[in-house]
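Here is the naming used below: chain letters follow the sequence lines, and residue numbers restart at 1 for every chain. Heavy-atom basis, side chains included; hydrogens, waters and symmetry copies ignored.
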Number of protein chains: 2
Amino acid sequence: MPPRTTISKPAARRMSLYLRALESRLAHDDPGEGHISSRELGLAVGVADAQVRKDLAVVGAAGQPGVGYRLKELHDGVRRAMGLQRPWRAVLVGVGNIGRALLAYPRFGEEGFELVAVFDRDAGLVGRKVAGHAVQSMAALVEGVRRSGAQLGIVAVPPDQAQDVADRLVEAGVRGVLNFAPRPLRLPPGVAVVAVDFTEALERLAFETSLRRQGSQRQKGA
Amino acid sequence: MPPRTTISKPAARRMSLYLRALESRLAHDDPGEGHISSRELGLAVGVADAQVRKDLAVVGAAGQPGVGYRLKELHDGVRRAMGLQRPWRAVLVGVGNIGRALLAYPRFGEEGFELVAVFDRDAGLVGRKVAGHAVQSMAALVEGVRRSGAQLGIVAVPPDQAQDVADRLVEAGVRGVLNFAPRPLRLPPGVAVVAVDFTEALERLAFETSLRRQGSQRQKGA
DNA sequence: GATTGTGAAGAGCTTCACAGCT
DNA sequence: AGCTGTGAAGCTCTTCACAATC
């Protein structure tokens, strides 16, 4: 049963939040037989209850009036809707600070993401192991990625190398790219790109903070 | 002259992109007397030209029909509209991999952001210098932040400490928080929060990638 | 001829509010 | 009583299209 409606971009963002709220709840609820209402879930992630119900309707989860949604069922439903029902294979390019932070991320691999290869330009790193992953040379990238069958590539290199690395990842068959370089990537349609941009985040923070000078503060959830 | 209209959240996101496109352009245009059209700028950041014009109208930038916008004037206008006309003082809490990545970020400080204090829980780090910044103990946090007069705080600690650290930052007078922990923060209204969440980004990537199975690919810019 | 500025139309997203179920 | 599911209303953002300008 495919989702009734497509999941919008804002909804996809919220789904990640729901997932984590559900997981934290499941951790405290061993049998996993508990329920959660749209209001509770909304409170946990800073979203209105009606919004939660609309989102969940899209993933095809059935709530029980008067009770709420079954935790386990809901968790599975959201994961399936987000394309996380089976694991994704990812490669990491760039083992600088950001790359290391990702390697150290316990969550990586824990649920649905498997890091199958790691590359770096630095000859001093190539051949060594970082967080259990043998670092390969950039020369080995295209062949290595192709052999690994990875669908996702993570670009954690300096900005001037980002486009080139991304192009080679796509050449090697990757279908989605996570870009940590503060530079927009141009990739063919059919390849998904998601950017994580510290500078943008900082600037957004400056903007939002300067908005909140004394005076009319409308706020909603978080 | 305050902006005619308020800048929407999506618009604020794009402003950061405009800024970087303009800066990269200014770097290749030493006198800074060049012009750029809404179409060119839109192409650089993956946005429709009409959208660019609407955004720029909000910052109060005046374009010249048939020619475009003056680079330097536009750059200044966007920075002002984003609240970047004068520098922000920020503190960093947590000198793990993410914290280090931020410290290494050349852009940090280069334009508009000054890192005025750095804290970490690890006794082995306290007192040492990392990337030119003396690491202070967590015990010194509230007093240290208050004395520094920082308006922004960056939370780069493990998730279980994030809320506590954020609370103390707010207690110390911080008015905006950049959160790298994969956990939503609850802070009083009047304090801005921007989250950078790797897990969310990865899951969004999985979702967008799974959408792009063969078939109808609508795409626009990037 | 090229490009801006913008009203109006269009698309998308969120909130409201309530009938219906347990 | 509590909660879901959802049509309808309301709001926000984006795209269109074109007169005005250089």
Atom-to-atom span, [atom1] of [X] to [atom2] of [N] - whole angstrom:
X       : N      : atom1 : atom2 : result
A:Asp55 : C:dT15 : CG    : C1'   : 13 Å
B:Ile36 : C:dT3  : CD1   : P     : 11 Å
B:Leu56 : C:dG5  : CG    : P     : 8 Å
B:Glu40 : C:dT3  : CD    : C1'   : 11 Å
A:Lys9  : C:dG12 : NZ    : C1'   : 13 Å
B:Arg13 : D:dC13 : CZ    : C1'   : 14 Å
B:Gln51 : D:dA17 : CD    : P     : 16 Å
B:Arg14 : D:dC13 : CZ    : P     : 9 Å

Partners of [X] by salt bridge (Lys or Arg N to Asp or Glu O under 4.0 Å), sequence neighbours excluded?
X        : answer
A:Glu40  : A:Arg25
B:Arg20  : A:Asp197
B:Arg204 : B:Glu200

- [ ] Taking only the side-chain nitrogens and oxygens of B:Tyr69, find out if one of them lies under 4.0 Å from OP1 or OP2 of C:dA2.
- [x]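 No, outside the criterion.
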- [ ] Return no unless some side-chain N or O of B:Ser38 is found under 4.0 Å from OP1 or OP2 of C:dT4.
- [x]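 Looking at the OP1 and OP2 atoms of C:dT4, one of them is under 4.0 Å from a side-chain N or O of B:Ser38.
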Open item on the list: Under 3.5 Å, is there any donor-acceptor pair linking the side chain of B:Lys54 to the base of D:dT14?
Closed with: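 Between D:dT14 and B:Lys54, which were checked side chain against base, a qualifying N/O pair under 3.5 Å is absent.
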Check residues 52-68 of chain A and write down every donor-acceptor pair under 3.5 Å in which the side-chain atom is one partner and the other belongs to a residue at least two apart or another chain.
{"residue": "A:Arg53", "atom": "NH1", "partner": "A:Ser38", "partner atom": "OG", "Å": "3.0"}
{"residue": "A:Asp55", "atom": "OD1", "partner": "A:Arg14", "partner atom": "NH2", "Å": "3.0"}
{"residue": "A:Asp55", "atom": "OD1", "partner": "A:Gln51", "partner atom": "NE2", "Å": "3.4"}
{"residue": "A:Asp55", "atom": "OD2", "partner": "A:Arg14", "partner atom": "NE", "Å": "2.7"}
{"residue": "A:Asp55", "atom": "OD2", "partner": "A:Arg14", "partner atom": "NH2", "Å": "3.3"}
{"residue": "A:Asp55", "atom": "OD2", "partner": "A:Tyr18", "partner atom": "OH", "Å": "2.6"}

- [ ] Indicate for each nucleotide in nucleotides 17-22 of chain C, in 5' to 3' sequence, whether protein heavy atoms under 4.0 Å reach the base (B), only the sugar-phosphate (S), or nothing (-).
- [x] B--BBS
Open item on the list: Using a 4.0 Å heavy-atom cut-off, does B:Ala11 contact any base of the nucleic acid, only the sugar-phosphate backbone, or nothing at all?
Closed with: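 No contact.
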Task: Main-chain N/O of B:Arg89 paired with B:Gln151 side-chain donor or acceptor, under 3.5 Å - done: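 Yes, because the side chain of B:Gln151 sits within donor-acceptor range (under 3.5 Å) of the backbone of B:Arg89.
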TODO: May I ask you to decide if A:Gln85's main-chain N or O and A:Arg80's side chain share a donor-acceptor pair within less than 3.5 Å?
DONE: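 Not confirmed, A:Arg80 side chain does not pair with A:Gln85 backbone.
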Open item on the list: Test of understanding: with side-chain hydrogen bond (donor to acceptor under 3.5 Å, both in side chains), list the residues that count as partners of A:Arg168, not counting sequence neighbours.
Closed with: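 Partners of A:Arg168 by the side-chain hydrogen bond (donor to acceptor under 3.5 Å, both in side chains) criterion, ordered by chain and then number, come out as A:Asp164.
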